[in-house]
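Each chain gets a letter, A, B and so on, in the order the sequences are listed, and its residues count up from 1. No experiment lies behind these values; they were computed from the predicted model shown. Side-chain atoms are counted along with the backbone in the values below, which use heavy atoms only and exclude waters and symmetry mates.
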2 protein chains.
Amino acid sequence: MHEMDLKKYLKKKGFKVTTQREKIVERFLKRDRHFSVEELYKEMKRTMPGIGFATVYRTLQLLVAAGLATERRFKDNIARFEPSHMNRHHDHMICLNCGRIIEFENHKIEKLQNDVAEKHNFYTVSYKLELYGYCEECKKKRLIGRKNERDGLNTS
Amino acid sequence: MHEMDLKKYLKKKGFKVTTQREKIVERFLKRDRHFSVEELYKEMKRTMPGIGFATVYRTLQLLVAAGLATERRFKDNIARFEPSHMNRHHDHMICLNCGRIIEFENHKIEKLQNDVAEKHNFYTVSYKLELYGYCEECKKKRLIGRKNERDGLNTS
DNA sequence: ATATTATTGATTTTGATTTTCATTTTCAAT
DNA sequence: ATTGAAAATGAAAATCAAAATCAATAATAT
């Protein structure tokens, strides 16, 4: 279904349909979580040992350009890609302890957006909302095994 | 005023008060815009030619740890720091054309946050809201001089 | 003043990302 | 099926912000 979209896109752009691209996209769309290039690369290696990192990397960019993937970066500043799936906008809660990323949908924010944007005569194309904190599990064991230890967690 | 806070912080931590730190903080707090390390470094050079990049870099990190600065990254993925000033949380609209960053304050979002967080048993420490789009000026001249040209601007 | 300890700043290293380039593959037109 | 032009691949190297290293210097407590 979405793979059709990619082929259409490639055709339109005069790009070529290759085995690598097909396999990468197949695997990518199957999953409903975030992929770092690294992660996807490793997964691809299993079925396509010869595949190169750069190819995975470039295909992921291609997917973004084609609108099939969205790139996100959280605190660790590593690019992660997720399928634009049903294209529903969603936002993220990121656990500062275990790194878990919880997705949520938001229905009230659009209104809020419009208010502000209008006030500044700003035309909004996209937006991003991220909540940082502690997930249910980590709330309990708040004091052990921190990953992102700083000093005074900046709360602003 | 805030410089007091830093000294207190340094004392508490057993760190030292140095000329560099004092000057950097002074300059940093004076300004009410975002600084990249690079930018602040260049500005410092003018009055303190001998200062090193690493010192500015480290001091900025110190300020974050002390709660006097907040680090942000927008699309270009370069760390920018801003004074936590009166510590009012604010969010950003980023113009995809000219790169301008417009700050705004938001009073309704906290409620929204709580709703979602509660539903997932998530304890929110901080949050970030960014709107990407076109500022008033750039809306008019939408088609010239784009900087962040991609293919299909990903809108999700 | 001195000893202790942290800081500085030049430099190097890291690590994710991006580019390069020789080789291989795709695909449209024979 | 074959060919040729254009694009893709993959290994390696380049990039570049960020982080770490370390000898020389400066700040603090005694």
Side-chain angles (χ1 to χ4, degrees), chain A residues 6-25 34-66 69 71-81 99 147-151, chain B residues 6-25 34-66 69 71-81 148-151:
Chain A
L6 180 69
K7 284 189 184 159
K8 232 187 291 173
Y9 178 81
L10 293 174
K11 282 272 164 59
K12 199 181 81 190
K13 289 284 177 183
F15 297 153
K16 286 168 182 171
V17 179
T18 66
T19 315
Q20 286 89 336
R21 283 178 176 168
E22 289 188 312
K23 294 280 185 196
I24 290 170
V25 175
H34 306 76
F35 269 120
S36 67
V37 182
E38 185 75 28
E39 281 162 6
L40 185 50
Y41 171 63
K42 276 183 185 155
E43 259 195 62
M44 292 310 302
K45 269 277 184 188
R46 292 216 294 266
T47 44
M48 265 192 127
I51 201 164
F53 185 88
T55 302
V56 177
Y57 170 78
R58 283 180 293 221
T59 303
L60 246 10
Q61 292 206 121
L62 189 67
L63 289 178
V64 172
E71 179 183 337
R72 300 197 183 272
R73 282 162 193 268
F74 304 111
K75 282 259 163 80
D76 67 2
N77 198 31
I78 289 170
R80 277 162 215 286
F81 299 83
K147 269 185 184 172
N148 301 301
E149 194 84 67
R150 276 274 162 121
D151 223 38
Chain B
L6 180 70
K7 281 186 186 163
K8 231 186 292 172
Y9 179 82
L10 292 174
K11 281 272 164 59
K12 198 181 78 189
K13 289 285 176 180
F15 297 153
K16 289 169 181 170
V17 179
T18 65
T19 316
Q20 286 90 335
R21 282 177 178 169
E22 290 188 311
K23 293 283 183 191
I24 291 171
V25 175
H34 307 75
F35 270 118
S36 67
V37 183
E38 184 74 28
E39 280 163 5
L40 184 50
Y41 171 63
K42 277 184 186 156
E43 257 193 65
M44 292 310 301
K45 270 277 182 186
R46 292 216 293 266
T47 45
M48 264 193 128
I51 201 165
F53 184 88
T55 302
V56 177
Y57 171 77
R58 284 181 294 222
T59 303
L60 247 8
Q61 290 205 124
L62 190 67
L63 290 178
V64 172
E71 179 183 337
R72 299 194 184 277
R73 282 160 194 268
F74 304 111
K75 281 259 163 80
D76 66 3
N77 199 32
I78 290 169
R80 277 162 214 285
F81 300 83
N148 301 301
E149 194 83 67
R150 275 277 162 121
D151 224 36

Between CG of B/Leu40 and P of D/dA17 the distance, given in whole Å, is 16 Å
Within the 4.0 Å heavy-atom criterion, would you say B/Thr55 contacts the bases, only the backbone, or no part of the nucleic acid? base
Note: for A/Val37 and A/Thr19 on DNA chain C, the residue whose nearest nucleotide lies more 5' is A/Val37
(request) Look only at the side chain of B/Arg80 and the backbone of B/Phe74, and say whether a donor-acceptor pair between them is shorter than 3.5 Å. (result) no
Between OH of B/Tyr41 and P of D/dA18 the distance, given in whole Å, is 15 Å
note: A/Lys7, atom NZ; C/dT26, atom C1'; distance rounded to Å ~ 13 Å
Closest of C/dA6, C/dA10, C/dA16 to the B/Lys16 side chain is C/dA6
The residue, B/Asn77 or B/Pro49, whose nearest nucleotide of DNA chain C is more 5′ is B/Pro49
When B/Gln20 and B/Ile78 are each assigned the nearest nucleotide of DNA chain D, the 5'-most assignment goes to B/Ile78
Here the gap from A/Thr18 atom OG1 to A/Ile24 atom CD1, rounded to the nearest 0.5 Å, amounts to 7.0 Å
Taking everything shown except A/Lys45 itself, do over 12 heavy atoms lie less than 6.0 Å from its NZ? yes
To the nearest angstrom, the CD1-P distance between B/Ile24 and C/dG9 comes to 8 Å
The reported gap from CZ in B/Phe15 to CZ in B/Arg21 (rounded to nearest 0.5 angstrom) is 7.0 Å
Separation of D/dA26 atom P from B/Arg21 atom CZ, nearest Å, is 15 Å
In whole angstroms, the gap separating P of C/dC27 from NZ of A/Lys11 amounts to 7 Å
Per side chain to side chain contact (heavy atoms under 4.5 Å, CB included), B/Phe81 is matched among B/Leu40, B/Leu63, B/Val37 by B/Val37
Of A/Phe53 and B/Glu38, the one whose nearest nucleotide on DNA chain D sits closer to the 5' end is A/Phe53
- Select base, sugar-phosphate, or nothing to describe what A/Ser36 touches, counting heavy atoms under 4.0 Å on all strands. nothing
From CZ of B/Arg73 across to P of D/dC16 the rounded distance in Å is 16 Å
When rounded to whole Å, the CZ to C1' distance for the pair B/Arg58 and D/dA18 reads 12 Å
